[in-house]
*Asks:* 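There's a structure below that I have some questions on.
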2 protein chains.
Amino acid sequence: MTKYQKQTRLLAAVDCIVFGFDGHTMRLLLIQRALEAERGKWSLMGGFVQPHESADEAAKRVLHALTGLQGVYLEQLHTFSDPARDPIERTLSIAYFSLIDISQYEKQLSEEYHAEWFDLSAAPRLIFDHNEMVAMAKEKLRYKAALHPLLFELLPKKFTLPQLQTLFEGVYETKFDKRNFSRKLLSTGLLVRQADKDMSASRKGAFYYKLNSKNYKAKFQDFLNLIPRTGAR
Amino acid sequence: MTKYQKQTRLLAAVDCIVFGFDGHTMRLLLIQRALEAERGKWSLMGGFVQPHESADEAAKRVLHALTGLQGVYLEQLHTFSDPARDPIERTLSIAYFSLIDISQYEKQLSEEYHAEWFDLSAAPRLIFDHNEMVAMAKEKLRYKAALHPLLFELLPKKFTLPQLQTLFEGVYETKFDKRNFSRKLLSTGLLVRQADKDMSASRKGAFYYKLNSKNYKAKFQDFLNLIPRTGAR
DNA sequence: TTTTTAATTGTCAACTGAACACTTAATATT
DNA sequence: AATATTAAGTGTTCAGTTGACAATTAAAAA
């Protein structure tokens, strides 16, 4: 078989930025690096792209292998290619970001794996350029979640409006007016109110909602303008 | 020096999608592939990432080498990694897209290089997954240009409102109401009317405008909502 | 002087967005 | 049993924006 002669081959890795929400703050999933050079330091979940898999497949595989996570939202973010980004050997890294509902996975994570959640605003220094990757992922999350109903990936299937608002407020680091917030979110037609309430957070209780998955798919590509231009209250 | 043993190294390439605007339609810059396997077929401008350059640097270098273009808008789009995307040998491709003012470069392109402009809606079949790359770039251009003042990259430094509107109409394949269009664009504070007119396209002539570069930088990251929700006329 | 053609400009009605506060439901307290 | 407490839920108003719509103006051509 013909090959491209005289060209240098490079290592290609994937790194996964995993965001979660615990009901109060945005969190970031990290592991302690297993390989030498910076072994034991905090790191994103990463691994090398294998000969017969695409980067998407590699990201899925690596995430599953290191955390047990499966079937989660996963999207390519950016490829990082500074020749000196990995001091051991030149390695391209294709970064992915993922959004998951913490409550669904936290037991599994703590028992079988040693990945840990960090408060996003208090994450430790990471190896290589991983802090830069996280910063870019945060920015993209804010950008995209302002236009598309993306943050639902971070909540359980049943959630309340106060939970949803707390999540938005965490992502945008601001407060929203709850009257305007609920009006806007309900007007999307994406939410279906359930008969039961979450009685754990208040005396009165808050009605549960579920996503209307038909409208969700249809409206995902619409521009929704979910975020007020000036923060309120 | 320590290396990562036992990992497969892969070829890494960059491919550049270059959009231009000729005053009437959106155009795509293509070259005829110089390497064997599909030699002579139409292709994006591509080349391999070299050992001591980042992908951004590689994209700049390749674009300049193949077309003479320099100092143009260039942004990473997506990394394409299907193991079978290049039949010769597995190659990752980091795709970039670029926006240029055709009039400024067309002589150079036709004389020194053999890159050619194609009408975007009538582009030929390209090698490998290049058509898929172009499709993704078109989508991203529409997405981003709806929110950010990006399309100015495609116009000369002095341009008229009718030119700008024709450009937007080309990108979004629709017609806008010119009264609403000019009101919206002028309200951004990005445009500065010049004293002279372009007399080449009409008897009355159309005033030239320039970008207010200070406001341009400040507002680039704002969300501008440049596109009407329903097409007019 | 009149005609032609494209550029430029204005109004109005509907909608959207943001500011703002009271009522209600359930439990806890007395 | 009545009252207090706490967070959930809900409406209105005003200002700004958007989109539908057509008449006027500037310059060259006839």
Side-chain angles (χ1 to χ4, degrees), chain A residues 23-24 145-147 155 158-170 172 174-210 219 222-233, chain B residues 23-24 146-147 149 155 158-170 172 174-210 219 222-233:
Chain A
H24 301 281
L147 301 166
L155 292 172
K158 279 167 56 175
F159 53 86
T160 67
L161 284 179
Q163 281 169 15
L164 188 61
Q165 182 168 347
T166 303
L167 170 55
F168 271 79
E169 290 176 344
Y172 292 98
T174 184
K175 297 289 180 185
F176 301 131
D177 181 278
K178 63 181 173 181
R179 291 158 291 189
N180 294 337
F181 182 83
S182 69
R183 177 156 38 83
K184 188 176 281 193
L185 269 290
L186 291 173
S187 76
T188 63
L190 292 172
L191 303 184
V192 184
R193 191 163 111 169
Q194 306 297 298
D196 53 337
K197 283 181 167 184
D198 168 24
M199 302 305 294
S200 69
S202 71
R203 302 201 216 292
K204 184 177 178 180
F207 280 105
Y208 281 117
Y209 286 80
K210 283 188 183 176
K219 294 215 173 176
D222 290 1
F223 283 45
L224 290 176
N225 196 24
L226 259 17
I227 305 305
R229 288 199 171 76
T230 72
R233 284 209 155 258
Chain B
H24 301 282
L147 301 166
L155 291 172
K158 279 166 56 175
F159 52 86
T160 66
L161 284 179
Q163 282 170 15
L164 189 60
Q165 182 168 348
T166 303
L167 170 56
F168 271 80
E169 290 176 344
Y172 292 98
T174 182
K175 297 288 180 186
F176 301 131
D177 181 276
K178 60 183 172 180
R179 291 158 290 191
N180 295 335
F181 182 83
S182 68
R183 176 157 42 86
K184 188 176 280 194
L185 270 291
L186 292 173
S187 76
T188 62
L190 293 172
L191 302 184
V192 183
R193 191 163 111 168
Q194 306 297 297
D196 53 335
K197 284 182 167 183
D198 169 24
M199 302 304 295
S200 69
S202 69
R203 305 202 215 289
K204 183 177 178 180
F207 280 105
Y208 281 118
Y209 287 81
K210 282 188 183 175
K219 293 215 173 174
D222 291 1
F223 283 45
L224 290 176
N225 196 26
L226 259 18
I227 305 304
R229 290 199 170 76
T230 72
R233 284 210 153 256

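Values reported hereafter were calculated over all heavy atoms of this structure, with side chains retained and with hydrogens, waters and symmetry mates removed. Naming: A, B, ... by sequence-line order, numbering from 1 per chain.
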*Asks:* Whole-Å distance between D:dG9 P and A:F181 CZ?
*Replies:*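 For the pair A:F181 CZ and D:dG9 P, the rounded distance is 12 Å.
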*Asks:* Specify the separation, in whole Å, of atom CZ of A:F207 and atom C1' of D:dT10.
*Replies:*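 In whole Å, D:dT10 C1' and A:F207 CZ are 13 Å from each other.
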*Asks:* Tell me: CZ of B:R179 to P of C:dT8, nearest whole Å?
*Replies:*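 Whole-Å distance recorded here is 14 Å.
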*Asks:* Could you please name the option among C:dT8, D:dG11, D:dT10 that lies closest to any side-chain atom of A:R183?
*Replies:*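 So the side chain of A:R183 is nearest to D:dG11.
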*Asks:* So which nucleotide from D:dG9, D:dC21, C:dC20 ends up closest to the side chain of A:D177?
*Replies:*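 The answer is C:dC20, which lies nearest to the side chain.
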*Asks:* So, for B:P149 and B:K219, which heavy atoms are closest and what is the spacing to 0.1 Å?
*Replies:*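 Looking at all heavy atoms of both residues, the closest pair is CD-O, 4.2 Å.
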*Asks:* Around atom NZ of B:K210, are there more than 12 heavy atoms from other residues, nucleotides or ligands closer than 6.0 Å?
*Replies:*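 Incorrect, the count does not exceed 12.
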*Asks:* How long is the line joining CD of B:Q165 and P of C:dA7, in whole Å?
*Replies:*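 Computing the B:Q165:CD to C:dA7:P distance gives 9 Å.
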*Asks:* Nearest nucleotide by nearest heavy atom, which residue falls closer to the 5' end of DNA chain D, A:K204 or B:M199?
*Replies:*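 First, find each residue's nearest nucleotide; the 5'-ward one identifies A:K204.
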*Asks:* I need the OH-C1' distance between A:Y208 and D:dA8, as an integer number of Å.
*Replies:*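 Rounded to whole Å, this separation is 14 Å.
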*Asks:* Is it the case that atom NZ in B:K197 sees more than 12 heavy atoms from other parts of the structure closer than 6.0 Å?
*Replies:*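 Check passes, neighbour count above 12.
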*Asks:* Can you tell me if the side-chain N/O atoms of A:R203 get under 4.0 Å from OP1 or OP2 in C:dT29?
*Replies:*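 Looking at the OP1 and OP2 atoms of C:dT29, neither is under 4.0 Å from any side-chain N or O of A:R203.
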*Asks:* Nearest-Å distance, NZ (B:K175) to P (D:dG19)?
*Replies:*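 Answer to the nearest Å: 18 Å.
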*Asks:* Determine whether B:L191 and B:F159 make a side-chain contact, defined as any pair of heavy atoms from C-beta on separated by less than 4.5 Å.
*Replies:*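 Side chain of B:L191 against side chain of B:F159, heavy atoms only: contact under 4.5 Å found.
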*Asks:* Tell me the interatomic distance from B:N180, atom CG, to C:dT11, atom P, rounded to whole angstroms.
*Replies:*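 Checked: the CG to P distance equals 14 Å.
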*Asks:* Distance check: side-chain N/O of A:K197 vs OP1/OP2 of C:dA26, anything under 4.0 Å?
*Replies:*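 Yes, A:K197 has a side-chain N/O under 4.0 Å of OP1/OP2 on C:dA26.
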*Asks:* It should be established whether B:K184 places a side-chain nitrogen or oxygen under 4.0 Å from OP1 or OP2 of nucleotide D:dT17.
*Replies:*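 Answer no for this pair, as no side-chain N or O of B:K184 is under 4.0 Å from OP1 or OP2.
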*Asks:* Between D:dA8, C:dA18, C:dA6, which nucleotide gets closest to the side-chain atoms of A:K178?
*Replies:*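 The answer is D:dA8, which lies nearest to the side chain.
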*Asks:* In plain terms, say whether B:K158 and B:D198 are close enough for a salt bridge, that is, a side-chain N and a carboxylate O under 4.0 Å apart.
*Replies:*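 Not counted as a salt bridge, because no side-chain N and carboxylate O are separated by less than 4.0 Å.
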*Asks:* Can you measure A:L161 atom CG to D:dT10 atom C1' for me and round it to whole angstrom units?
*Replies:*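 To the nearest whole Å, that distance equals 12 Å.
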*Asks:* Mapping B:S202 and A:G205 onto DNA chain C by nearest heavy atom, which one lands closer to the 5' end?
*Replies:*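 Nearest-nucleotide comparison on DNA chain C picks B:S202.
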*Asks:* Check every atom of C:dG10, C:dT8, D:dG19 against the side chain of B:P162 and return the nucleotide holding the closest atom.
*Replies:*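 Given the options C:dG10, C:dT8, D:dG19, the side chain of B:P162 is closest to C:dT8.
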